[in-house]
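Some notes on the structure that comes next.
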Amino acid sequence: PGVTTMWAGAGGVLWKTLPLEDTGAELIRIDEHGLAIRGYPFTVLELLVAGRFFIVLANTLVLALAYLFARRLLGLLPAFLGFLLVALDPFHLAHSRLLHLDGLLSSLLFLSLLAYLSYLHGHRLLSLIVSGIAGGLGALTKSTAAFLVPTLFLLSAADAWRRRAADGPVQIGRLLWRLAWPLLLWGAVALLVFVALWPAMWVDPVGTLAQVSGQALQYAGRGHASPEFFAGQIYADGEVATPLFYPISYLWRTSPVVLLGLLLAAVAFLSKQGPFSRAEMRRAIGGLVLYVVAFAALHTLGAKKFDRYLLPVYAPLDLIAATGWAALAAWFGARRSVVRWRYVA
């Protein structure tokens with residue numbers, strides 16, 4: 001629905017003190033913007049920059065909050081390295097400064113996931129509420145935020161099963177309640193945010209949801225209206241049918257530093273080296289991997305594909321890569337028999 005993008009753009013307009021009611025804004029066509037603001041001391045480009053400022057500000061605040069949850073989950077060094085990689089990720093950085101959907105969606109889903117993992121780690125109610133708020137804002141940004149829900153369900157199921165094994169046999173009803181109530185509260189908070197910040201939901205909630213879901217299904221069911229070029233081949237019908245579209249596009253868009261970090265993280269995870277010696281760390285990384293796989297798989301099912309549709313998995317993968325580098329540093333730091341290894345770490 002792009003509601004958060006609308007608010008950011010409106011913020012830019014109001015920042016430039018453009019009186020919308022005097023311009024007949026609802027009648028402005030895409031080729032008439034220059035005419036509509038004639039006489040004002042700024043250009044269309046300056047309005048666009050003002051709207052982008054609020055998108056950049058929102059991304060910065062959301063990622064700063066996400067860092068706090070990542071530090072609680074993973075520790076200082078992996079979280080710091082991870083968000084350094086996110087800040088310097090060329091694909092994420094490029095989209096997080098556009099007055100568009102995918103950059104802000106990626107940051108919001110990242111925050112929602114980390115806050116939910118933090119809730120499962122410490123069972124702090126505030127973490128669950130923050131996750132729900134971020135999820136609701138994500139749904140206001142783009143309908144594919146719903147792809148986060150299956151991951152949260154599986155994470156809750158795994159947590160309920162783990163607690164059952166630790167606490168001993170429990171009644172099936174109690175087990176189901178452990179599984180359901182965090183998801184119900186998360187959904188209630190997300191729904192409240194979704195309705196409160198979108199006036200269309202106050203007027204025609206059923207029609208609004210039907211329009212959003214219908215548009216999403218339409219996009220998923222058919223390819224682009226124009227031919228697509230991918231990996232040296234032209235797809236005349238606009239539908240790139242290969243399931244390798246997103247894995248290949250990720251390899252093109254990420255960096256060697258992240259790819260090597262992911263390899264190091266896989267080795268450290270399997271060998272339980274460095275920070276991966278803690279069960280909490282392995283569970284958190286497992287949750288991030290589950291989200292990445294589920295989000296990519298659900299997008300692969302759609303006929304319409306864009307490389308930017310996969311953007312929400314870049315920040316989690318950057319964070320996973322950082323844990324790999326932290327594990328390598330811990331491995332070097334443990335070799336104290338030779339002094340120089342400390343400097344390598």
Side-chain angles (χ1 to χ4, degrees), residues 1-6 9 29-31 55 89-110 112-113 135 137-154 194 200 207-255 258-259 262 288-318 320:
V3 175
T4 54
T5 312
M6 175 188 69
R29 300 188 319 181
I30 195 169
D31 56 346
I55 286 287
D89 188 300
F91 200 46
H92 190 277
L93 177 62
H95 281 278
S96 63
R97 60 191 293 268
L98 296 177
L99 189 60
H100 205 264
L101 310 176
D102 297 279
L104 186 55
L105 172 70
S106 303
S107 299
L108 287 168
L109 294 187
F110 191 37
S112 184
L113 177 64
L137 291 172
L140 284 173
T141 304
K142 197 173 182 181
S143 56
T144 50
F147 288 174
L148 175 63
V149 175
T151 299
L152 301 186
F153 174 80
L154 293 174
F194 189 85
T208 299
L209 291 177
Q211 186 176 0
V212 171
S213 60
Q215 189 83 4
L217 292 173
Q218 183 181 359
Y219 284 151
R222 59 181 175 83
H224 298 272
S226 57
E228 280 293 299
F229 178 80
F230 174 73
Q233 182 177 348
I234 296 176
Y235 296 83
D237 59 357
E239 182 175 338
V240 184
T242 172
L244 297 178
F245 177 86
Y246 286 117
I248 292 175
S249 67
Y250 178 77
L251 292 176
W252 284 340
R253 296 299 189 183
T254 190
S255 69
V258 172
L259 289 176
L262 291 174
L288 293 173
V289 171
L290 176 64
Y291 164 75
V292 168
V293 172
F295 196 89
L298 289 170
H299 269 82
T300 299
L301 296 176
K304 188 176 183 181
K305 294 181 175 66
F306 263 136
D307 51 4
R308 61 180 170 84
Y309 288 175
L310 196 67
L311 190 64
V313 310
Y314 280 69
L317 287 173
D318 290 344
I320 295 171

Inset, instruction - List for me each residue that meets side-chain hydrogen bond (donor to acceptor under 3.5 Å, both in side chains) alongside Gln211, sequence neighbours excluded, and say none if there are none. - result: none
Inset, instruction - Could you pull out all residues at least two apart from Thr5 that satisfy side-chain hydrogen bond (donor to acceptor under 3.5 Å, both in side chains)? - result: none
Legend entry - With sequence neighbours excluded, residues passing side chain to side chain contact (heavy atoms under 4.5 Å, CB included) with Leu93: Ser96
Inset, instruction - Using side chain to side chain contact (heavy atoms under 4.5 Å, CB included) as the criterion, list what pairs up with His100, not counting sequence neighbours. - result: Leu98, Asp102, Arg308
Inset, instruction - Could you pull out all residues at least two apart from Phe194 that satisfy ring-ring contact (aromatic ring centres under 6.0 Å, His included)? - result: Trp198
Check: residues 288-300 side-chain donor-acceptor pairs under 3.5 Å, at least two apart:
residue: Tyr291; atom: OH; partner: Pro312; partner atom: O; Å: 3.4
residue: His299; atom: ND1; partner: Phe295; partner atom: O; Å: 3.2
residue: Thr300; atom: OG1; partner: Ala296; partner atom: O; Å: 2.8

Legend entry - With Ser107 via side-chain hydrogen bond (donor to acceptor under 3.5 Å, both in side chains) - residues at least two apart: Asn59
Legend entry - Set of residues satisfying side chain to side chain contact (heavy atoms under 4.5 Å, CB included) with respect to Glu239, sequence neighbours excluded: Asp237, Ala303
Inset, instruction - Apply ring-ring contact (aromatic ring centres under 6.0 Å, His included) to Tyr314 and list each qualifying residue two or more places apart in sequence or on a separate chain. - result: Phe91, Tyr250
Legend entry - Residues which pass side chain to side chain contact (heavy atoms under 4.5 Å, CB included) with Phe230, listed by chain and number, not counting sequence neighbours: Tyr235, Val240, Thr242, Phe245, Ile248, Trp252
Legend entry - Nearest heavy atoms of Ala139 and Pro1, plus distance in Å: O-CG, 3.3 Å
Inset, instruction - Measure the shortest side-chain to side-chain distance between Thr141 and Val3 over non-hydrogen atoms and say whether it is less than 4.5 angstrom. - result: no
